[in-house]
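Take a look at the structure set out below.
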Amino acid sequence: MTTDATTPGVDAPTWPAEFAERYRAAGYWRGETFGGVLRERAAQHPDRIALIDPAPTRRTWTYRQLDERADRLAAGFAQRGIRKGDRVVVQLPNIGEFIEVVFALFRIGALPVYALPAHRDTEIAHFCAFSEAVAYVIPDRHAGFDHRALAARVRADTPTLRHVFVVGDDPGPHTALADVARDPVALTGPAPHELAFLQLSGGTTGRPKLIPRTHDDYLYSLWGSNEICGVDADTRFLVALPAAHNYPMSSPGWLGVLYAGGTVVLCPAPDPDTAFPIVARERVTMTGLVPPLALVWTESAATTDHDLTSLELVLVGGAKYSEVAARRLEPALGCRLMQVFGMAEGLVNYTRLDDDTETVVTTQGRPISPHDEIRVVDDADRDLPDGEPGNLLTRGPYTIRGYWRAPEHNARAFTADGFYRTGDIVRRTPGGHLVVEGRAKDQINRGGEKIAPEEIENIILAHPAVHDVSLVAVPDPYLGERSLAYVIPRADAAPLTAVAVKRFVRERGVAAYKVPDLVEFVAAFPQTGIGKVSKKHQRSAAEQH
Ligand code: OOB
């Protein structure tokens, strides 16, 4: 057997053999690959529509066309030297090429690293350098930003990066993706137990971690989600959130819908003005939203002229959805609500279609799999009785056993027997549903977008007029949370303004959602008993905002 970067256990811990055998014996790991699944669906129903990209001019792909396109792009990538195990950072918005590119990479066994469209120099340079990426795929421009210039900067600093592929009319100094496709060639491809891609973690540390997912484990999370959500060949799923995020990818997401032979409808932006006409025109049956979007969809539905009657199910997750808001969704949108509480590391919980309304509006669901092991523990890892809030630990057939190339972090983020420390505080109801009560990890959840305070604190600390900084969450009626930077200025430096701090972060090149929403200058930080900054005190002080 050959060993390369796709082999589990090489760059990150993997499931011990006895667990892998158990998951195979239970029928969860079916021995399929993403490339193989698309090939099968194309053989089963070649002319069914797999993908619709409605903007700016409507384009469609049948299963046969998507399959052929993946083959031709894979041949072109392979001809340019992209091999099994190579990492390729993919930063594309919700456009058809995103799906084509990742299936082409799956066919080769090259690993997509999913960057979000909002990521900028700091994040992209890190993903490319840390993953030793050989290629980076971008749009020419998106949302007013020139990705070609960013790519040129990152390429100059990243010796491994040999190719930049550009979707759009003008590739600049890079290669047009449109010129890559070739006549198909025979490719060995990956085995089902091997890595399929690297997903991003929301993160709590200075740098986002990479999450290694295998074909076997991720495909199980897809068909497991499909069974729970009732996804089948008639499902028309709207990808409203960024397609690169784990939630719209797999809960049940565009990958789940393609697995089931349904139709994926891409949405360029998730606001009602953009999404509602597409829902109406394409007869969308299902979508997944974060709570702030669910709020605006619920409000806008009351006055819209667009016909939303095709909607059967809306999933809401990524951040805590308030009970009050949850109660309003079904009557407003005329469809079923399902809450989803998941994480890119694995574990996904759903309320069920046959749950009563109280359960759907007051809980965040229960795990996909009977083999998802759930522990709710105190700070000394002692199990707590049902009903008591505690730290959620989990282990199972689609939850990773370790991050990619992060042994020190893994020692903290996982127990010795392989449970992932989610950092979430939950309570379990007598019916086995989980209720998210809070968070122990140092993270800000800004309407589903995760911010690792340390990452932004490190940037602000580099400002010459800053002595110290602490980033905390402030409650927000719309987003759930926003970020507040408490800054201690240097006594000997010129006076600093909030605007200057925000501009400094923005100019370092990070995703806009990570720029502090609020900045407050203070003389000192509250301390814990052992002299560390007390974020708990800062958070409760911040609640006054
Ligand atoms: C999803 O994935 P990530 O990796 O961006 O974030 C995971 C974290 C969880 O650990 C939890 O802190 C929070 O997001 N979260 C929720 C939640 N869903 C996620 N907190 C409260 N209520 C919820 N319903 O966000 C994600 C991945 C797959 C499916 C859905 C969401």
Side-chain angles (χ1 to χ4, degrees), residues 114-116 118-119 198-204 208-211 213 217-218 221-222 224-226 228-229 239-256 287-294 314-323 325-326 329 337-351 359-368 372 374 389 391-394 396 398-400 403 413 419-427 433-453 473 479-481 511 513-514:
Y114 297 119
L116 295 170
H119 286 138
L198 299 173
Q199 186 54 274
L200 303 187
S201 98
T204 53
K209 297 282 176 290
L210 299 181
I211 296 171
R213 303 290 303 254
D217 93 75
Y218 208 75
S221 81
L222 298 180
S225 297
N226 284 350
I228 292 165
C229 302
V239 187
L241 299 168
H245 193 281
N246 193 65
Y247 169 26
M249 188 179 293
S250 65
S251 291
W254 52 270
L255 275 175
T287 192
L289 302 174
V290 288
L293 280 173
V314 170
L315 294 106
V316 180
K320 183 77 187 236
Y321 191 35
S322 84
E323 187 188 324
L329 185 134
L337 163 68
M338 187 181 278
Q339 292 210 46
V340 47
F341 160 43
M343 51 208 73
E345 286 80 358
L347 180 71
V348 180
N349 304 276
Y350 297 99
T351 57
T359 306
V360 172
V361 300
T362 60
T363 82
Q364 279 66 58
R366 59 187 171 84
I368 293 176
D372 281 321
I374 298 289
N391 302 298
L392 170 63
L393 312 183
T394 186
Y398 59 94
T399 297
I400 57 162
Y403 293 97
F419 279 81
Y420 169 54
R421 298 182 186 277
T422 66
D424 293 311
I425 307 283
V426 304
R427 127 180 102 78
H433 284 63
L434 300 178
V435 178
V436 182
E437 296 280 3
R439 199 170 51 224
K441 58 189 166 191
D442 192 15
Q443 188 179 73
I444 299 168
N445 190 336
R446 194 179 183 278
E449 290 183 305
K450 314 303 182 317
I451 304 168
L479 289 170
E481 295 176 9
Y513 64 84
K514 298 183 189 172

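Whatever order the structure lists ligands and atoms in, that order sets their numbers, starting from 1. All heavy atoms count here, side chains included; hydrogens, waters and symmetry mates do not.
- Close contacts of ligand 1 with Tyr247, meaning ligand atoms under 4.0 Å from a residue heavy atom, involve 26 (C), 27 (C), 28 (C), 29 (C), 30 (C), 31 (C).
- The two residues Tyr398 and Ile368 have their closest heavy-atom pair at OH-CB, 3.4 Å.
- When the heavy atoms of Ala440, Gly342, Gly365 are ranked by distance to atom 1 (C) of ligand 1, first place goes to Gly342.
- The protein heavy atom nearest to atom 12 (O) of ligand 1 is Asp424 OD1, 2.5 Å.
- Ligand 1 places these atoms under 4.0 Å from at least one heavy atom of Gln364: 22 (N), 24 (N).
- What you find for Val239 and Pro248 is that their closest heavy atoms are CG1-CB, 4.1 Å.
- Looking only at protein heavy atoms, the nearest one to atom 21 (C) of ligand 1 is Lys320 N, 3.3 Å.
- At least one N or O atom of Gly318, backbone or side chain, sits closer than 3.5 Å to an N or O atom of ligand 1.
- The structure places CG of Leu241 at 11.5 Å from CG of Asn246, a figure rounded to the nearest 0.5 Å.
- Taken to the nearest 0.5 Å, the CD atom of Gln364 stands 9.0 Å off from the OG1 atom of Thr351.
- Tyr218 OH to Leu255 CG: the interatomic distance, rounded to the nearest 0.5 Å, is 6.0 Å.
- The shortest contact between atom 23 (C) of ligand 1 and any protein heavy atom is with Ala319 O, 3.4 Å.
- Within ligand 1, the atoms closer than 4.0 Å to a non-hydrogen atom of Val436 are 21 (C), 22 (N), numbered from 1 in the order shown.
- Under 4.0 Å from ligand 1, not a single heavy atom of Ser201 appears.
- Between the CG atom in Asp424 and the CG atom in Asn445 there is a gap of 9.0 Å [rounded to 0.5 Å].
- Annotation for Leu222 and Met249: closest pair CD2-O, 4.0 Å, computed over non-hydrogen atoms.
- Considering backbone and side-chain N/O of Leu200, none are found under 3.5 Å from N/O of ligand 1.
- Atom NZ in Lys514 sits 10.0 Å away from atom CD in Glu449 (nearest 0.5 Å).
- Below 4.0 Å from some heavy atom of Val340 lie the following atoms of ligand 1, by number and element: 18 (N), 23 (C), 24 (N), 29 (C), 30 (C).
- Taking the six-membered ring where tryptophan is involved, the planes of Tyr420 and Tyr403 are perpendicular, since the angle between them exceeds 60° and thus also 30°.
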### Task
Take Ile374 and Val426 through the test side-chain contact (heavy atoms from CB on, under 4.5 Å) and record every step on the way to the result.
CA-CA 11 Å; Ile374 298 289; Val426 304; 5.8 Å; no

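- Neither the backbone nor the side chain of Val316 comes within 4.0 Å of ligand 1, counting heavy atoms alone.
- In this structure, Gln199 has no heavy atom closer than 4.0 Å to ligand 1.
- Remark: ligand 1 and Asn246 share no N or O pair separated by less than 3.5 Å (distance only, no angle test).
- Taking atom 4 (O) of ligand 1 as the reference point, the nearest protein heavy-atom neighbour is Ala344 N, 3.0 Å.
- Ligand 1 has no nitrogen or oxygen under 3.5 angstrom from a nitrogen or oxygen of Ser251.
- On a distance-only criterion, Lys450 and ligand 1 share at least one N/O pair closer than 3.5 Å.
- The shortest separation from a heavy atom of His245 to ligand 1 is under 4.0 Å, placing the residue in contact.
- One distance of note links OG1 of Thr394 with CD of Glu345; it measures 11.0 Å at 0.5 Å rounding.
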